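Comments concern the structure below.
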Amino acid sequence: MNTLSSKTKQDYGSDPVSVRETDQYRAEYVHAFVQKWDSLIDWDARIQSEGSFFIDKLKERGCRQVLDVATGTGFHSVRLLEAGFEVVSADGSAEMLSKAFTNARSRGHLLRTVQADWRWLNQDVHQKFDAIICLGNSFTHLFNENDRRKALAEFYAALRHDGVLILDQRNYDALLDYGFSSTHTYYYCGTNVSVKPVHVDKGLARFEYNFSDNDKFYLNMFPLRKSYTTRLMQEVGFQKIETFGDFQETYRESEPDFFIHIAEKA
Ligand code: SAM
């Protein structure tokens, strides 16, 4: 296990907004954050808010074998297993994979886990898939363009010739264009955790996760513009990209909080 991630407190040093590193993700998801997230986010409520969107999109395309590259605590991997898909669950964080494995086991599933950083995915994953999912605003953890291109190229290579990548992201355009005044508090599946931006510039969106017991955690993320993400996908070789607005939170304003990109190879 990564020693940094086993800590209970996050450590961004004396100048948190200067922390803009792709490798930071392992240190951000400290044990306490991961445990707290899962004890307060009710999976049933998340199922309600998300509906069968991803399952429908995968079934429409005849997908059977799915690689979840951002497994996190296992929510989508378990959902897809229960919907009958064959799933391999990858993540770069040992802390996350261990939590996902336990979560799946408590629901009667044995996860096939692989610890793999997206930038070198195919060193650890040798099978080809019908679909790759990268969900829960995960791609935002990559802090430079080379890393984003490399990760997308690795996803592309791990897909069959007619495979599909489903990748979501927060709607950062509104945040970048209108700043803090336009931002609201996002509630995940009720009121147990609220999320708000505490710093935004064109290279960083720092969000605060405030739990109902007043514990606070932070994530430093790169604010991806929607058109930038789709351009990168095209440049890596994806032929057809459709973008949907999604509503994963129980509270939202008129603009979608999330975009979901469905990128097809053929
Ligand atoms: N998909 C899950 C969900 O929706 O609940 C988890 C999302 S969590 C916000 C982002 C996940 O991406 C974390 O588990 C993190 O470890 C993983 N991650 C971030 N950067 C990564 C990288 N470069 N390679 C592999 N995994 C990465």
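What you are looking at is a predicted structure, and each value in this text was computed from that prediction instead of being measured. Quick note: residue numbers are just sequence positions, from 1. Whatever order the structure lists ligands and atoms in, that order sets their numbers, starting from 1. Basis for what follows: all heavy atoms, side chains included, without hydrogens, waters or symmetry-related copies.
- Of all heavy-atom pairs between Lys202 and Pro223, the closest is O-CG, 3.6 Å.
- Residues meeting the ring pair (Phe, Tyr, Trp, His ring centres under 6.0 Å) test with Tyr218, sequence neighbours left out: none.
- Side-chain contacts under 4.5 Å among hydrophobic residues (ILVMFWY), followed directly or transitively, place Ile47 together with Trp43, Phe75, Val78.
- If you run side chain to side chain contact (heavy atoms under 4.5 Å, CB included) between Leu135 and each of Gln169, Glu50, His76, only His76 comes through.
- Each ring-ring contact (aromatic ring centres under 6.0 Å, His included) pair with one or both residues in residues 131-150, not counting sequence neighbours, appears once here: Tyr29-His141.
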Please give the N or O to N or O pairs under 3.5 Å between ligand 1 and the protein, distances rounded to 0.1 Å.
| from | atom 1 | to | atom 2 | distance (Å) |
| --- | --- | --- | --- | --- |
| ligand 1 | 1 (N) | Ala70 | O | 2.6 |
| ligand 1 | 1 (N) | Leu135 | O | 2.9 |
| ligand 1 | 4 (O) | Arg46 | NH2 | 2.7 |
| ligand 1 | 5 (O) | Arg46 | NH1 | 3.0 |
| ligand 1 | 5 (O) | Arg46 | NH2 | 3.4 |
| ligand 1 | 14 (O) | Asp91 | OD1 | 3.3 |
| ligand 1 | 14 (O) | Asp91 | OD2 | 2.6 |
| ligand 1 | 16 (O) | Asp91 | OD1 | 2.6 |
| ligand 1 | 23 (N) | Asp117 | OD2 | 3.4 |
| ligand 1 | 24 (N) | Tyr25 | OH | 3.4 |
| ligand 1 | 24 (N) | Trp118 | N | 3.0 |
| ligand 1 | 26 (N) | Gly92 | N | 3.1 |
| ligand 1 | 26 (N) | Trp118 | NE1 | 3.4 |

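- In this structure, Arg148 is not positioned above the aromatic face of Tyr228 in the sense of NZ or CZ being under 6.0 Å from the six-membered ring centre and within 45° of the axis.
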